[in-house]
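Only heavy atoms go into these numbers, but all of them, side chains included; no hydrogens, no water, no symmetry mates. Ligands are counted one by one from 1 in listed order, and the atoms in each one are counted from 1 as well. Count residues from 1 along the sequence.
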Amino acid sequence: MENHRSVSRRIILFPLPFQGHISPMLQLANILHTRGFKITIMHTEYNSPNHTNYPHFTFKPIKDGFSEIADKVHGTPDPTYFLKYLNKSCVDPFRECLAKLLAEPGEERVACVITDAGFYFAQTVADELKLPRIALRTGSIGCTLAYDALPFYSKEACFKLTKQDSDYEASVPEYPLLKFKDIVKITTNPQGMETILTNMLNQMKASSGIIWNTFKELEESALETISQDLRVPSFTLGPFHKYFPASSSSLIEQDRTILSWLDKQLPNSVVYVSFGSATCITKSEFQELAHGLANISLPFLWVVRPGMVVGAEWLESLPEEFLERVADRGRIVKWSPQPEVLAHPATGCFWTHNGWNSTLESICEGVPMICSPCFVDQPINARYVSDVWKIGMLLEDGFKRLGIEKVIKQVMKDKEGEEMRDRIGYLKEKVNLSIVEGGSSCRSLNNLVSYILSF
Ligand code: UDX
């Protein structure tokens, strides 16, 4: 079959250096490798992927100067600052490295470069070097549509509303799925966000195509709308992590000892809590969360990343006697093998920040969610989860122990939780069908491979 034939073409991939972006790019690289492409990963020195996990790839690190500023950030970072910085500091090293790779004598021709959509500067460089660029958008299509519609610049005051403002609970006219209380979480820097998003969307439109880590059945109408808007080919071949059994793209060591603890728990009994690689919470939020977990009578597995609690190294702020109270009912780890935890039969719900990877991973395993979004795309993903797909419940008013106990009970024990489990179970089946021969993601992958071979 044409798409499976051995091809001697090289693809260069360039991820943004953050966990939620590196993982899908490396997964995509693996997928394209199985279709016969040679793979070169160009990457920043900051958050370098572990080369030894990918002996079948060639790696080209470039200088980014990012470590010095990233290491000074405490608390939840401002992504607009990071993105702006990287889109400047990487231009020359990226151009130099790409030009060298193109000039290298070798058996296989470079077909294209795939960069994270957030590296919008790369389009101009690719154009200069006459190399097709495809953008990988690691977030959802719905989120990209919302970003495009929201009045970041023109109505900056909307992003500063507080609970006391009458509009706080109202829908945003430009994107009625969202409430003003959602969009205030997206960014503290609306002007900076507008600049980044305009650049990103313009350079997606100027690219040769967009790859999305999503599947058609989940976002069909959003896909139709975005395709009309962007007017370049879109490929929905996700969820990428489902193509391979275990992922090795974690930047932090995963604590696998908890899998044997999970083995001892009853089916659908464990509350899994994790807020991804970047979210930070205050000491009082952390303590309310701990009280909420201590007060429920269910087993829980809680990921507390070192540095996640502002002003603490790790667990110093736990309430007194918390560990004695929960004993073997609860486990706290620094980082988990999340896809495996979600796939474990004992896991009953996922209390998440709704990063897109976490959201997709939960859908893939049919695990209903409790949503505590923090920033950027997370409040948008959370609305889709709770109000569109109805596969999770938003913890609307932040971390308060009574609210936490109530929402866990609703998802784990009540009828509405059962209905969510049915709906997400149905999506899980759709995912499984999408990635096998004839399924929508598999067809989209075939189209992508043919498209790249046509360059
Ligand atoms: C960031 C943004 O915060 C997110 O909103 C955006 O969609 C992508 O970039 P992050 O916060 O890390 O990502 O969240 P997410 O997208 O969910 O990615 C986290 C990844 O880390 C997931 O693939 C998850 O499986 C993995 N993970 C998380 C672990 O392997 N172990 C853990 O304990 C927690």
- Could you name the option among Leu251, Val303, Asp377, Asn357 that has the heavy atom nearest to atom 6 (C) of ligand 1?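 Of the listed residues, Asp377 has the closest heavy atom.
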- Tell me which one of Ser362, Pro373, Ser277 gets a heavy atom nearest to atom 10 (P) of ligand 1.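 Checking each option, the heavy atom nearest atom 10 (P) of ligand 1 is found in Ser277.
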- Query: Which residue pairs satisfy the salt bridge (Lys or Arg N to Asp or Glu O under 4.0 Å) criterion with at least one member in residues 254-275, sequence neighbours excluded?
  - Reply: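 Counting only pairs at least two positions apart or across chains, the salt bridge (Lys or Arg N to Asp or Glu O under 4.0 Å) contacts touching residues 254-275 are Arg256-Glu340.
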Distance from [atom] to nearest protein heavy atom, with residue and atom:
atom                    : value
atom 1 (C) of ligand 1  : Gly20 CA, 4.2 Å
atom 19 (C) of ligand 1 : Ser358 OG, 4.2 Å
atom 3 (O) of ligand 1  : Gln378 NE2, 2.9 Å
atom 26 (C) of ligand 1 : Trp335 CZ2, 3.9 Å
atom 31 (N) of ligand 1 : Ser336 O, 2.6 Å

- Can Gly139 be said to touch ligand 1, with heavy atoms closer than 4.0 Å?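 The answer is no: ligand 1 sits nowhere under 4.0 Å from a heavy atom of Gly139.
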- Looking at ligand 1, does His353 have a heavy atom less than 4.0 Å from it?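 Right, His353 reaches ligand 1.
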When only distance counts, is [X] in polar contact with ligand 1, meaning an N/O pair under 3.5 Å?
X      : value
Ser23  : no
Gln254 : yes
Gln19  : no
Glu361 : yes

- Item | Residue pairs, two or more places apart or on separate chains, that pass ring-ring contact (aromatic ring centres under 6.0 Å, His included) and touch residues 292-312 |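 Output for this query lists Phe286-Trp302.
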